[in-house]
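Only one structure is covered here, and it is reproduced in the block below.
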Amino acid sequence: MGDEKLKNEAMEILGLCQVLPRLVVFDLDYTLWPFYCECRSKREMPSMYPHCKDILNALKDKGVKMAIASRSPTRDIAETFLDKLGIKSMFVAQEIFSSWSHKTEHFKKIQLKTQIPFDKMLFFDDENRNIEAVSKMGVTSILVNNGVTFGAFRQGLTEFSQGPTPSSSKRDKKK
């Protein structure tokens with residue numbers, strides 16, 4: 001279970017935003033947990049990065065939908081870990097499959113399933129190539145280095161609420 005104080009901190013971060021995403025999408029490996037699934041066994045008990053469970057619980061309490069977009073050759077292990085952590089039911093879509101291309105395939109499937117436009121989504125991932133590819137689809141995308149922390153969460157919500165299009169920020173710089 002998450003620490004109530006940490007969950008309250010996540011709720012405070014959400015409360016600071018006037019506009020929330022309709023869907024928050026998470027990668028798994030090195031984003032929600034500190035390992036690659038294919039390097040682990042289903043028999044193990046996984047752990048998440050310290051703030052992740054509280055962030056997930058706060059999003060759930062606020063009614064923000066969540067999904068998973070993860071490239072993994074061991075979907076069975078990922079799903080087992082989601083079950084063991086008690087978070088599998090929190091996600092309205094779970095796109096976990098091996099892919100040689102970018103995460104755009106995952107996002108197309110998530111969008112078809114949820115009917116939520118890309119510009120109403122927020123995405124967290126630890127790989128820059130995924131952030132770049134998904135950003136081009138119109139999704140606010142945040143690169144994380146040590147999992148989804150409160151700092152990364154705050155950054156994501158802030159960037160989401162400021163709205164899309166890098167072209168508008170280029171115009172602002174010229175003024």
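Closest approach of Lys109 and Glu95 over heavy atoms only: CD-OE1, 3.3 Å. Between Leu122 and Gly156, the shortest heavy-atom distance links the atoms CD1-O, 3.6 Å. What you find for Phe107 and Phe118 is that their closest heavy atoms are O-CE2, 3.5 Å. Shortest non-hydrogen contact noted between Leu85 and Ser47 is CD2-CA, 4.4 Å. Of all heavy-atom pairs between Phe150 and Ala10, the closest is CE2-CB, 3.7 Å. Heavy atoms only, all atoms of each residue included: Ile131 and Leu143 are closest at CD1-N, 3.8 Å.
Counting heavy atoms from C-beta on, the side chains of Val144 and Phe153 never come closer than 4.5 Å. The closest side-chain heavy-atom distance from Met121 to Ile110 is below 4.5 Å. When side chains are defined from C-beta on, Asp119 does not count as touching Met137, because their heavy atoms never get closer than 4.5 Å. Between Thr158 and Arg154, some side-chain heavy-atom pair lies under the 4.5 Å cut-off. Between Lys53 and Ile87, the closest side-chain pair of non-hydrogen atoms falls below 4.5 Å. The shortest distance between side-chain heavy atoms of Lys120 and Pro21 does not fall below 4.5 Å. With contacts defined as side-chain heavy-atom distances shorter than 4.5 Å, the pair Phe91/Leu82 qualifies. The closest side-chain heavy-atom distance from Met90 to Asn57 is below 4.5 Å.
Hydrophobic clustering places Val148 together with Ile68 (ILVMFWY residues linked when any side-chain heavy atoms are closer than 4.5 Å, directly or through intermediates). Under the 4.5 Å side-chain contact rule for hydrophobic residues, Leu23 and Leu14 do not share a cluster. No chain of hydrophobic side-chain contacts below 4.5 Å, direct or via other Ile, Leu, Val, Met, Phe, Trp or Tyr residues, connects Val134 to Val24. Ile55 and Leu28 fall within a single hydrophobic cluster, where Ile, Leu, Val, Met, Phe, Trp and Tyr are joined by side-chain heavy atoms under 4.5 Å apart, directly or via other members. The hydrophobic cluster containing Leu157 also contains Ile142, counting ILVMFWY residues as joined when their side-chain heavy atoms lie under 4.5 angstrom apart, directly or transitively.
With values rounded to the nearest 0.5 angstrom, Lys88 atom NZ is found 13.0 Å from Phe81 atom CZ. Put simply, NE2 on His51 and CD1 on Ile13 are 8.5 Å apart, with the number rounded to the nearest 0.5 Å. The line from CE of Met11 to CG of Leu59 is 9.0 Å long, rounded to the nearest 0.5 Å. In this structure, Cys39 SG and Asp29 CG are separated by 8.5 Å, a value rounded to the nearest 0.5 Å. A distance of 10.5 Å separates NZ in Lys42 from CG in Asp83, rounded to the nearest 0.5 Å.
Separation of the Tyr30 and Phe35 ring centroids does not fall under the 6.0 Å cut-off.
For the pair Glu132 (side chain) and Arg129 (backbone), a donor-acceptor distance under 3.5 Å is absent. Side-chain atoms of Ser141 come within 3.5 Å of backbone N or O of Val139 as a donor-acceptor pair. When atom types are taken as modelled, the side chain of Thr74 and the backbone of Ile77 share no donor-acceptor pair closer than 3.5 angstrom. Under a 3.5 Å cut-off, the side chain of Thr114 and the backbone N or O of Ile116 do form a donor-acceptor pair. Between the side chain of Arg75 and the backbone N or O of Ile96 there is at least one donor-acceptor pair closer than 3.5 Å.
Using a 3.5 Å distance cut-off with no hydrogens or angles, the side chains of Gln155 and Glu159 do pair a donor with an acceptor.
Under a cut-off of 6.0 angstrom, the local environment of NZ in Lys108 is sparse, with at most 12 non-hydrogen atoms contributed by other residues, nucleotides or ligands. The number of heavy atoms from other shown groups lying within 6.0 Å of OH (Tyr36) does not exceed 12. Annotation for Lys60: atom NZ does not count as buried by contact number, only 12 or fewer foreign heavy atoms lying within 6.0 Å.
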Starting from the C-alpha separation in whole Å, work towards a yes-or-no answer on side chain to side chain donor-acceptor pair (under 3.5 Å) for Ser72 and Ser70.
-> CA-CA 6 Å; Ser72 175; Ser70 184; 5.4 Å; no
Give the intermediate values and the outcome of side chain to side chain contact (heavy atoms under 4.5 Å, CB included) for residues Val19 and Phe160.
-> CA-CA 8 Å; Val19 180; Phe160 178 85; 3.8 Å; yes
Verdict with supporting geometry, Asp27 and Asp126, side chain to side chain contact (heavy atoms under 4.5 Å, CB included) = CA-CA 8 Å; Asp27 173 47; Asp126 66 312; 3.0 Å; yes
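Classification of the Phe124-Phe26 ring pair by plane angle, with boundaries at 30° and 60°, yields parallel.
In this structure, Lys103 forms no cation-pi arrangement with Phe123, as its terminal cationic atom is not both closer than 6.0 Å to the ring centre and no more than 45° off the ring axis.
Using a cut-off of 4.0 Å between Lys/Arg side-chain N and Asp/Glu carboxylate O, Lys84 and Glu44 are scored as not salt-bridged.
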